[in-house]
Structures are given as C-alpha cells and as structure tokens.
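Everything below concerns the one structure shown next.
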Amino acid sequence: MRYWLIKSEPDVYGIDDLARDKTTPWTGVRNYQARNFMRDQMKPGDQAFYYHSNCETPGIVGIAEVSKPAYPDATQFDRKSKYYDEKSAPDNPRWLHVDFRFVKKTPLVSLDELRKHKALAKMRVLARGNRLSITPVDPDEWQYILGLMKK
DNA sequence: GCCAACGTTGGC
DNA sequence: GCCAACGTTGGC
C-alpha cells in the first residue's frame, strides 16, 4: 500500500465536495507523470492527503482513499469538456484516472507548517516550482504528518 | 493580479 | 533532437 498527496482547488472540487459525494472519479489529469502514478502504482486502499491549492491558506485538509484502479477518463472524448483531447483515440485512451473515496476531514496542516519540519523537507510538494498535482508520500512522512494533526 | 517555474508544442 | 514560444500552475 502506498501514500500520496493529491491537489485540488477548493473552488473547483474541495474536500467538502468529496465529503458530500463519498466517492469521485479523479478526472481531468492531463500530465503524464501524474497519470503514470495513477495507472501504474495506485491500488485500491492506497491513502492520500487531500491538499487545497490556489486558495487563501494552501495545505492538507483531509484524507482520501483509492477506491477503484485506473480506467479511461471519459472527459477526453467529450467535445464539450474542457478536458477534451482530440489526439486521444478511443481504442487507445491517453488519459486514465482512479476513483477516490472520502475518508475524513482533518485539521488543516498548512503549506507554511509543512515547510517548518525538517522531517518533511524532501516532500515533492514542497519542492521549488513544483506543479505536479499527484505526488508520492513516504510512509515516514505520512506518519509524521498524522502526528502533526493530533496536536 | 503578478510572475516564476515548469511541461508541452512545433518549427527547423 | 534542439529550443523558443506558449500555456498553465499555484504561491504570494
């Protein structure tokens, strides 16, 4: 089982939306690295920190769990979707995604807070200029952050 | 709203 | 296969 961090903008689809929907297809990822993580490494049961980006206080706000392994993203074939990709062939879909299930909301662990801890210094999400919306989290980092939430 | 950093595209 | 131009991300 692996740990992840997934980013989402609260104005687009935040933790409260996931809490309401219970599960959601993680569609719209159009980055090969992020796709490969979902396609090649994510398994049902994997846990992910839910991170709010592009908002007043960016940071981790909850936990989600992979509920369905990767399958083709329907939005790539939908001409009306902003995620439509004319270069993707139905018999060889370019974009895949997993489903996530809501686990729980957590106390906010802000980006500022994450940066304060040496144990987390290597986290991909903290790297300068990082834009990847799905990043792996080490088990040690996962446990450490859970610890921060208990304080 | 600005802008640095990054991924992708396309001309050559 | 290089690399300039472009579009997007996301913190501030």
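Residue numbers begin at 1 in each chain, while the letters A, B, ... track the order of the sequences.
The separation between Gln33(A) atom CD and dG7(B) atom P is 7 Å, rounded to whole Å. Atom CD in Glu86(A) sits about 14 Å away from atom C1' in dT8(B), given to the nearest Å. The CG-C1' distance, from Asp11(A) to dT9(C), rounds to 15 Å in whole Å. If you take CG of Asn31(A) and C1' of dT8(B), they are 10 Å apart, rounded to a whole angstrom.
For Asp17(A) and Arg20(A), the salt-bridge test passes: some basic side-chain N is under 4.0 Å from an acidic carboxylate O. The existence of a salt bridge linking Lys105(A) and Asp16(A) is confirmed by a sub-4.0 Å separation between a basic side-chain nitrogen and an acidic carboxylate oxygen. Salt bridge absent: Arg30(A) and Asp85(A) never bring a charged side-chain N and a carboxylate O closer than 4.0 Å.
Of the listed residues (Val103(A), Thr23(A), Asp99(A)), just one forms a side-chain contact (heavy atoms from CB on, under 4.5 Å) with Glu65(A), and that residue is Val103(A).
Annotation: of the two residues near DNA chain B, Arg124(A) and Lys87(A), the 5′-most nearest-nucleotide partner is Arg124(A).
With sequence neighbours excluded, the residues that form a ring-ring contact (aromatic ring centres under 6.0 Å, His included) with Tyr144(A) are His117(A).
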Would you tabulate the pairs of protein nitrogen or oxygen atoms and nucleotide nitrogen or oxygen atoms of nucleotides 10-12 of chain C closer than 3.5 angstrom?
unit_1, atom_1, unit_2, atom_2, d
dG10(C), OP1, Lys7(A), NZ, 2.6
dG10(C), OP1, Arg131(A), O, 2.9
dG11(C), OP1, Tyr51(A), OH, 2.8
dG11(C), OP2, Asn54(A), N, 3.0

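Distance CD1/Ile134(A) to CZ/Phe37(A): 8.5 Å, rounded to 0.5 Å.
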